[in-house]
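As the structure is a prediction and not an experimental result, all values here were calculated from the model. By convention in this document, chain letters (A, B, ...) are assigned in the order of the sequence lines, proteins followed by strands, and residues within each chain are numbered from 1.
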Amino acid sequence: MAKKQRTAIEPTRSEDYAEWYQQIVRVAELAENSDVRGCMVIKPWGYAIWENIQKVLDKMFKAEGVKNAYFPLFIPKSYFEKEAEHVDGFAKECAVVTHSRLEDDGQGGLQVGGQLTEPYIVRPTSETIIGASFSKWVNSYRDLPLLINQWANVVRWELRTRLFLRTAEFLWQEGHTVHASRDEAEAETRLMLDVYAKFAEEYLAVPVIKGEKSEGERFPGAVATYSIEAMMQDKKALQAGTSHFLGQNFAKSSEIKYQNKDSEYEYAWTTSWGVSTRLIGALIMAHSDDNGLVLPPKIAPAHIAIIPIAKNEEDRQEILAYIEKITEGLKDKRFDGKEIIVEIDDSDATSGEKSWKWIKKGMPIRLEIGKRDMEANSVFMGRRDLDPRDKKTLRWDEFVASVDEILEDIQNNIFNKAVSFREENSVQIDNQEDFYKFFTPENKKKPEIHGGFAFAHWCGSVECEEKIKEDLKVTIRNIPFEVNAEEGKCICCGKTSKQRVVFSKSY
RNA sequence: CGGGGUGUAGCGCAGUCCGGUUAGCGCACUGGUUUUGGGAACCAGGUGUCGGAGGUUCGAAUCCUCUCACCCCGACCA
């Protein structure tokens, strides 16, 4: 029997997935808990990933004609009350501001004072406050479509939080658009979902399933909610982005009206769509392994870690000069249209330690360069998509010349791995017994990683959806757009069904 | 918010049941020496309101009460 190789992360995914996830976040220095309940501190390496997500998405939004703006953090309670379903959906998780100042209590402490006449809600999402502005901005059909996005933080007072996946405060973008017709608004909703799917697959290397949410899973106040769903390595689904068609619900509650060509007033049609720092959670759980984070090169804060290996100061200087020659060469290279970012790790740690540090942080390429490599005009390269010990020697100029192809190859490799994983754990199920078996862990006390995506027929009733949720804690992730229309029988009640939907346990 | 668990140095933990020198160990950290191609070795050193508040006691990390935070399972949740 082969000796088990030591892994950088303990426990491993199969030993304790939840703990493994937390270890990745800690060891890769992405984020940590703060003293504020449920709120995280995003550390530089994690924040740099978010900045890259922002950069790419921002460009994609702008390419669709969307412009950025910024709206207040606070929402008057009365705004919130205008849309009944909306308030129902968020009421239980709102932070409320009721006072405006702190006063000396005479005992070295502070007490709150200055009670506000109307409480403010710290935004859990901004439909209502943005709607208030939109009602002023939209007067004529000539003002439409209005395509606005804001990058912001929002607060949802979650009772159970997990770093990146669900935190009380999180960073996100929320797009809000206004249209003259239903068709146009619906098309916009779908267009932005496509943008998210493209971003998830091409940049995060996370394959996703696009589809519509069932009624029960819809955004409060929306007419239709579309999502992209990704499979994590514990075979659970993670909703990575949503796009909502809001119909005229919010236009009516916020009085967003315009005059059409016939001089008649009409309520506009609105959409909203968002992705958050949760994408970083998706990134972690889709790709990382038992040695740490694995970052797709297109979203990594840096691409290459160069680790000089020197026996003495004299060698060190020579090696650094050699490295400089390589980094000079890299300056002219582009990957995904952007500069290639190099981290030279000239710290005191030993070479092994440094190498492992960058493995854990998910750096796509490591170059270990000692005197031997220098004399041979070569570099010793390790790739994060391969085993840590699987390294090879390349001529330095060949490396520089092909670095973009190598990064591209890593990106594709990571994506393909995720696709295969999803395929291997996706099944079509046509009878109830198999369905229940698929989602039942063998060890109930300590459930092992099990299940996956089950494509099964569903009659469309809330009752069946609820029953399955009750019995198995499995929900309909979405009703995929891209699935062959075929008739079948509901996995739950046996009634006629028009198409298959994705069932899975989820985050 | 319900059930269970855990809080002791930056990280991981022992000590708590059964109160008793100066609160310990490994890793990390600082200085030094030797090292350096795969997570270095040795020597020396620093580090703690024992999560917090109150109580019991001659004496509390340890017992009691309250409280806060985190983790797991639920409930809830774009």
Side-chain angles (χ1 to χ4, degrees), chain A residues 5-8 10-11 16-19 21-23 26-27 29 32-40 85-86 88-94 124-127 154 156-163 165-168 170 172 174 193 196 213 216-222 224-229 238-246 272-276 278 291-292 307-313 315-316 319 348-360 366-374 376 378-380 382 388-391 393 444-447 469-470 473 475 478 506-507:
Chain A
Q5 205 172 286
R6 184 183 166 191
T7 55
E10 306 224 337
D16 185 343
Y17 193 82
E19 178 62 22
Y21 175 78
Q22 291 185 76
Q23 290 297 325
R26 194 171 66 80
V27 166
E29 299 179 274
E32 62 193 20
N33 276 307
S34 72
D35 290 342
V36 184
R37 182 200 185 120
C39 295
M40 63 178 165
E85 269 186 55
H86 191 60
D88 258 7
F90 287 105
K92 281 180 224 148
E93 49 184 50
C94 286
T125 179
S126 304
E127 274 74 9
V154 288
R156 294 179 189 179
W157 212 262
E158 300 286 353
L159 296 167
R160 188 177 170 192
T161 59
R162 303 183 75 179
L163 291 175
L165 297 174
R166 178 171 285 114
T167 48
F170 57 91
W172 79 342
E174 49 182 323
L193 191 78
Y196 288 155
K213 284 285 186 186
E217 303 270 328
R218 208 177 271 159
F219 177 68
T225 288
Y226 304 113
S227 74
I228 50 172
E229 302 283 334
L238 183 76
Q239 178 175 297
T242 46
S243 186
H244 315 288
F245 170 59
L246 304 175
S272 70
W273 27 275
V275 294
S276 71
R278 179 181 248 202
N291 288 316
I307 300 161
I309 297 170
K311 285 194 182 10
N312 54 51
E313 185 56 26
D315 284 2
R316 188 174 150 264
I319 291 164
D348 276 347
T350 62
S351 55
E353 220 173 334
K354 287 195 269 197
S355 189
W356 280 104
K357 170 183 156 186
W358 291 110
I359 290 170
K360 287 186 269 196
R366 304 183 308 283
L367 294 184
E368 294 163 18
I369 297 177
K371 207 158 184 190
R372 233 187 271 162
D373 308 286
M374 189 174 77
S378 65
V379 296
F380 196 48
R389 283 152 197 84
D390 183 359
K391 291 182 272 196
T393 298
K444 277 211 171 114
K445 289 231 166 98
K446 194 170 178 279
K469 190 175 174 182
E470 185 99 351
K473 284 160 210 146
T475 50
N478 66 24
S506 76
Y507 278 91

When rounded to whole Å, the CG to C1' distance for the pair A/L163 and B/rA69 reads 14 Å
Looking at A/R162, does any N or O in its side chain come under 4.0 Å of the phosphate oxygens OP1/OP2 on B/rC72? yes
Q) A/G241 near the nucleic acid: base, sugar-phosphate alone, or nothing, with a heavy-atom cut-off under 4.0 Å? A) nothing
Any side-chain heavy atom of A/T125 within less than 4.5 Å of one from A/E174?
yes
In Watson-Crick or G-U wobble terms, with both distances under 3.5 Å, the base opposite B/rU30 is B/rA44
All heavy atoms of A/I369 vs all of A/I319, minimum pair found to be O-CG2, 3.5 Å
note: A/H86, atom NE2; B/rA78, atom C1'; distance rounded to Å ~ 10 Å
message: Can you check the distance between B/rG20 and B/rU62, where both ends of the measurement are the P atom (answer in whole Å)?
response: 10 Å
Original post:
When you compare B/rC76 with B/rU16, how far apart are their P atoms, in angstrom units rounded to a whole number?
Top reply: 42 Å
*asked:* What's A/E19 touching, base or sugar-phosphate or nothing? Going by heavy atoms closer than 4.0 Å.
replied: nothing
When rounded to whole Å, the OH to P distance for the pair A/Y21 and B/rC72 reads 11 Å
Original post:
Which value, in whole Å, describes the distance between the P atoms of nucleotides B/rA40 and B/rG15?
Top reply: 30 Å
Whole-Å distance, A/E32 CD to B/rC11 P, equals 9 Å
In whole angstroms, the gap separating P of B/rC77 from CG of A/L165 amounts to 18 Å
The reported gap from CZ in A/R218 to CZ in A/F245 (rounded to nearest 0.5 angstrom) is 11.0 Å
### Under 4.0 angstrom between A/Q23 side-chain N/O and B/rC11 OP1 or OP2
no
Once base and sugar-phosphate atoms are separated, protein heavy atoms under 4.0 Å mark nucleotides 35-42 of chain B, 5' to 3', with B, S and - as -BBBBB--
To the nearest angstrom, the CH2-C1' distance between A/W157 and B/rC77 comes to 16 Å
- Message: I'd like the P distance from B/rA14 over to B/rA9, given in whole Å.
- Response: 12 Å
*asked:* Under 4.0 Å, heavy atoms only, any strand: does A/F170 hit a base, just the sugar-phosphate, or nothing?
replied: base
* Separation between the P atoms of B/rA28 and B/rG12, rounded to whole Å -> 15 Å
Answer with base, sugar-phosphate or nothing: what part of the nucleic acid does A/P124 contact at a heavy-atom distance below 4.0 Å?
nothing
C1' atom, B/rU35 versus B/rC72: distance in rounded Å? 45 Å
- Task: Please state the P separation for the pair B/rC1 and B/rG59 - nearest whole angstrom.
- Result: 37 Å
Sugar-phosphate only, base, or nothing, as touched by A/S272 at under 4.0 Å among non-hydrogen atoms: nothing
Check: Would you say the base of B/rC11 and the side-chain of A/R26 have a donor-acceptor pair closer than 3.5 Å?
Finding: no
| request: Specify whether A/H244 and A/F219 have parallel, tilted or perpendicular ring planes, treating 30° as the upper limit for parallel and 60° as the lower limit for perpendicular. | output: parallel
Rounded to whole Å, CD of A/E158 lies from C1' of B/rG74 at a distance of 15 Å
Checking A/R278 against A/W172 for the side-chain contact (heavy atoms from CB on, under 4.5 Å) test, could you report, in this order, the C-alpha distance in whole Å, the side-chain angles of both residues, the deciding distance, and whether it holds? CA-CA 9 Å; A/R278 179 181 248 202; A/W172 79 342; over 6 Å; no
Of B/rA78, B/rC72, B/rC71, the nucleotide closest to the side chain of A/N33 is B/rC71
- How far, in whole Å, is B/rG4 from B/rC66 if one measures between their P atoms? 14 Å
Check your understanding: Quick one: the side chain of A/R156 and the base of B/rA78, do they pair up donor-acceptor inside 3.5 Å?
Key -> yes
A/K371 meets the side-chain hydrogen bond (donor to acceptor under 3.5 Å, both in side chains) criterion, sequence neighbours left out, with A/D315
So OG1 of A/T7 and CD1 of A/I359: to nearest 0.5 Å the spacing works out to 12.0 Å
Answer for the Watson-Crick or wobble partner of B/rU35, both distances under 3.5 Å, is none
Rounded to the nearest 0.5 Å, the CD atom of A/E229 sits from the CG atom of A/N478 at a distance of 5.0 Å
_Classify A/G38 by what it touches in the nucleic acid, base, sugar-phosphate, or nothing, heavy-atom distance under 4.0 Å._
sugar-phosphate
In Watson-Crick or G-U wobble terms, with both distances under 3.5 Å, the base opposite B/rC77 is none
Q: Taking the side chain as every heavy atom from C-beta outward, state whether A/R160 and A/R166 have any atom pair closer than 4.5 Å.
A: no
